[in-house]
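All remarks here apply to the structure that follows.
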Amino acid sequence: MDADISLATAPFRDPRYAPRRLEVEHRAGGEMVLGNPTPYAAGFQTLTAALEHWARAAPNRVWLAERSGEGWRTVTFAEAHEQVRAIAGGLRARGVTAARPLLILAHNGVDQALVSYAAMSQGMPIAPVSPQYGLKTANPARLARACEVLRPAAVYTDDAQLFAEGLSAPQLAGLPVIASKAPRAGDIAFEALLRGPSAEATAVPADHAKYLLTSGSTGHPKAVICTHRGISLNSAQIDACFDDPDPPVMVNSAPWSHSLGANSILHMSLHRGGSLYIDRGQPTAARFGETVRNLKEVSPTYQNMVPAGWMLFVDELESDAALARRFFERVRVLQYGGAALGQATADRIQAVAIRTVGEKISFASGYGATETGPTACNVHWPNAVMGLIGLPIPGTSVRLVPMAGKFDFRVKGPQISQGYLGLPERSAAAFDDEGFYILGDAARLVDPGDPAQGMVFDGRLSENFKLASGTFVGVGDLRIGAVSAIGGAVTDAVVCGEGEAAVGLLLYPNPRLAPAEVTVAVRAGLEAFNAKAQGSGGRVARALVLPDAPDAAAGEITDKGYIAQALARQRRADAIARLFADPASSDVMVF
C-alpha cells in the first residue's frame, strides 16, 4: 500500500450505512427529545417469519455454522426451516408446548438455535440462562432463583452429562428434558425431535418469545419480556441503519443468554439473511486462540467484540500478516460493546487496516439494555472516534431530561419491552409519564451545538459520589479519561473514593500483558492524566491493579455491557480498603 497513507489521510471503506437522520425537539428547562424518522420494514413480526422468507429466497445460503472437528457443521436456511418445523411437531407430539418457558442450559450452538425457534414458533417462550448456572462448580442458589422467576415447563440442554448438576436441581424435578448429547433415561433425545411430524408456526406478534434475565445493579433477577414483534422490529430498525444489499457474515461468541447475542446477533443474522459462524472462543488469554482460529478461516463483513477481545486481537493482527489480509478482506464495520474501547487500541487496529488494504474501517458502538430490545442507539455513520453511543436508531425516540448536572436518558420505540414477568407494579414504574422507558443512565451530547454528532454514555445517575471534602466526582468522565490515558494495559476501571480524601481506581488488567508491563503503563498513563486534571474530584490519587477480570456471573458487568460501579465497589470492598489504607501497601500506586 501507499506508504504516504496515514491515519489522518486514509479513506474509510464504505460501511454501507443509510443517511444519518435526526429530528430534535427542544423543550423548556433544557430538555430535549431526539428522534430518527428513517422508515424501516415491518414485514417480519414473528421470529420464524424471517426464516420462512429466507428459506424461499435463499434456500442454499448458510445461516448457522459451528465447529465440527477441523471443519464446520453448517445449516442452510432451507434446512433450518425444515428442521424447525419438524422439531416443533416433535415438541407438540410429546406435549412440550406451554405458555410457560423452555429453560435453556446450553452453550451457543446450532441445536440450541433450532429448538429455540421451534418452541417459539408454537408460542412457547424460551428462557436461556447463563450456562454457568448449570455447571458442577455453580452456586445452586442462582439456578434456584432463576427457576423461581421463570417457572419453566421443560428444559433443553446441549449436553446432559456436562450439565448434570444443574439438571438435578429440585426446581427442575419432573420436567421434560431435551438433550442433544448424552441423554439420560427418560430424557428426550434431540435427534428424535427431528423425526417430527412437522408443524406450522402458530405464534403471533404479541406472543412472548423470550424471557431474558437481568439484575442490573440490584443483584435480584428479573425476567424481561421479549415479544416476537419487539425482537423482530428491533432487527428491522438495525437493518434500516444500512443501505447494504449483501447479507452480513459474522463470527461471534456473545452468549445467547444475553440480549446482545440473542437478539442483535443471532436474530439479526436471520432477519438480514446473513451467515453466523458460532465462535466458542472467549476474550481471555486461555480461550482467545479459538477466535483467532475461526477468523483465519472466515472473512466477516461485520465483526462485533468486547474491548477485551479487540485488545487481544490487535496483537494478533500486528504479528500475523496473513490473518490481517484475511480479516480485512471484506469487513466493513467493526463493533464494540461491553465497555469503552480505548482510542489507542482502535488506532492500532486502523494502522494495520491501512497497511493491509489502504483504508480505515468504520468503528461502531451502541447503547441499550435488555429492556430496550437491546438496541436503542448506535453509531451509524463512518467513524473512528471511540466512546460514542451514537444516535437513536430508526423509529426510536430518546428523551434527555436534565438531572443532577447530566441528562437522564429515556427511550421510546416499538422494540421496548412491556416489562417484567410477574411484576406488574415494577413494570409500570419503569416508564415515565410520556411512556419513555427509564434506564437510570446518563448521557451527554458530544457537541451541544450539533446533536447530530452523537452522544456519549455518562454513567449511572446513581454511581456518582462526593469526597470527604464535599467535592463531586463524575464517575463516567473520570473512568473513560483515565482508562484512555492508560491505553491497552487495562480493560476497565472502578472509580472509588466516597467519603475519602481523594479518588482511587481499581483497574482490570489486560490479561495478555505481564503484571510489570501493566504497572508501568498505569503509572505513566495516570501521571499524564493527572497533569491535565482539574480539581481534586478529577484527579486520581491512588490506583490498584486487580488480579482478575470483572466477574460477569456476579453482575460486575451489567447486561447493558458496562461495569456496574456500585456493585463492583461492594464486591471489591477488601481491595478498596487496601487502596486507601495508610500507609499504602506496596501494590498500591500513590500519585
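Computed from heavy atoms alone, side chains included, the values below leave out hydrogens, waters and symmetry copies.
No side-chain donor-acceptor contact under 3.5 Å links Asn263 to the backbone of Ile231. A donor-acceptor pair is defined here as one N or O able to donate and one able to accept, closer than 3.5 Å; such a pair exists between the side chain of Ser417 and the backbone of Ile225. With hydrogens and angles ignored, the 3.5 Å screen pairs no side-chain donor or acceptor of Asp239 with any backbone N or O of Tyr40. Of the possible polar contacts, one joining the Thr372 side chain to the Ala369 backbone as a donor-acceptor pair under 3.5 Å is found. A side-chain donor-acceptor contact under 3.5 Å links Lys406 to the backbone of Asp458. Of the possible polar contacts, none joining the Glu31 side chain to the His26 backbone as a donor-acceptor pair under 3.5 Å is found. Side chain of Arg151 to backbone of Arg100: no donor-acceptor contact under 3.5 angstrom is found. No donor-acceptor distance shorter than 3.5 angstrom exists from the side chain of Gln453 to the backbone of Pro448, with no hydrogens or angles considered. Under a 3.5 Å cut-off, the side chain of Arg20 and the backbone N or O of Val379 do not form any donor-acceptor pair. Gln565 places a side-chain N or O within 3.5 Å of a backbone atom of Ala493 that can act as its donor or acceptor partner.
For Gly470 against Lys466, the heavy-atom pair with the smallest separation is O-CD, 3.6 Å. Shown here for Leu467 and Gly497, the closest heavy-atom pair between the two residues is CD2-O, 3.4 Å. Listed here is the closest heavy atom pair of Pro392 and Asn36: O-ND2, 2.9 Å. Across all their heavy atoms, Ala50 and Phe44 have their closest contact at CB-CD1, 3.6 Å. Contact record, Thr491 with Asn510: CG2-CA, 4.3 Å, taken as the closest heavy-atom pair. Closest of all the heavy-atom pairs between Ser232 and Leu47 is OG-CD2, 3.5 Å.
The distance from the NE2 atom of His228 to the NZ atom of Lys210 is 9.5 Å, given to the nearest 0.5 Å. Annotation: the span from Cys226 atom SG to Leu421 atom CG amounts to 11.0 Å, rounded to 0.5 Å. From Asp207, atom CG reaches atom CE of Met120 across 11.5 Å, with rounding to the nearest 0.5 Å. Remark: Leu51 CG to Tyr117 OH distance equals 8.5 Å, nearest 0.5 Å. Summarising the geometry, atom CG belonging to Leu341 is positioned 6.0 Å from atom CD1 belonging to Ile349; distances are rounded to the nearest 0.5 Å. Atom CD of Gln122 and atom OG1 of Thr202 lie 4.0 Å apart (nearest 0.5 Å).
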In sequence, state the C-alpha distance, the side-chain angles, and the governing distance for Gln418 and Thr227, and then conclude on side-chain hydrogen bond (donor to acceptor under 3.5 Å, both in side chains).
CA-CA 9 Å; Gln418 59 193 250; Thr227 64; 5.4 Å; no

Audit row: Leu64, Leu276, side-chain contact (heavy atoms from CB on, under 4.5 Å) steps and yes/no:
CA-CA 5 Å; Leu64 296 172; Leu276 173 60; 4.0 Å; yes

Could you check Val490 against Leu505 for side-chain contact (heavy atoms from CB on, under 4.5 Å), going step by step and ending with a plain yes or no?
CA-CA 12 Å; Val490 300; Leu505 294 182; over 6 Å; no

What do the steps show when you test Asp408 against Phe436 for side-chain contact (heavy atoms from CB on, under 4.5 Å), and what is the final call?
CA-CA 11 Å; Asp408 182 8; Phe436 284 82; over 6 Å; no

Before giving the answer on side-chain contact (heavy atoms from CB on, under 4.5 Å), spell out for Glu500 and Phe465 the whole-Å C-alpha distance, their side-chain angles and the decisive distance to 0.1 Å.
CA-CA 10 Å; Glu500 300 286 348; Phe465 57 83; over 6 Å; no

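Under the 3.5 Å distance criterion, with hydrogens and angles disregarded, a donor-acceptor pair is assigned to the side chains of Thr375 and Ser264. Remark: the Gln237 side chain and the Asn234 side chain contain an N/O donor-acceptor pair separated by less than 3.5 Å.
Side-chain contact between Asp246 and Thr301: absent, with no pair of heavy atoms (C-beta onward) separated by less than 4.5 Å. Side-chain contact between Leu213 and Tyr133 is present, with heavy atoms from C-beta onward closer than 4.5 Å. Here the side chains of Leu312 and Met305 are not in contact, with every heavy-atom distance at 4.5 Å or above. With contacts defined as side-chain heavy-atom distances shorter than 4.5 Å, the pair Leu388/Phe363 does not qualify. Here the side chains of Arg572 and Val494 are not in contact, with every heavy-atom distance at 4.5 Å or above. The shortest distance between side-chain heavy atoms of Arg479 and Asp492 falls below 4.5 Å. In this structure, Val456 and Arg444 have side chains that are in contact, with non-hydrogen atoms separated by less than 4.5 Å. Residues Tyr367 and Phe457 form a side-chain contact, since some pair of their non-hydrogen atoms from C-beta on lies under 4.5 Å apart.
Cation-pi contact between Arg332 and Phe242: absent, since separation from the ring centre below 6.0 Å together with deviation from the ring axis within 45° is not met.
Checked against side chain to side chain donor-acceptor pair (under 3.5 Å), His380 has the following partners two or more places apart in sequence or in another chain: Asn378.
A salt bridge links Glu434 to Arg27: at least one charged side-chain nitrogen sits closer than 4.0 Å to a carboxylate oxygen. The pair Asp433-Arg399 counts as a salt bridge, with a side-chain nitrogen and a carboxylate oxygen less than 4.0 angstrom apart.
More than 12 heavy-atom neighbours from other residues, nucleotides or ligands sit within 6.0 angstrom of CZ on Arg539.
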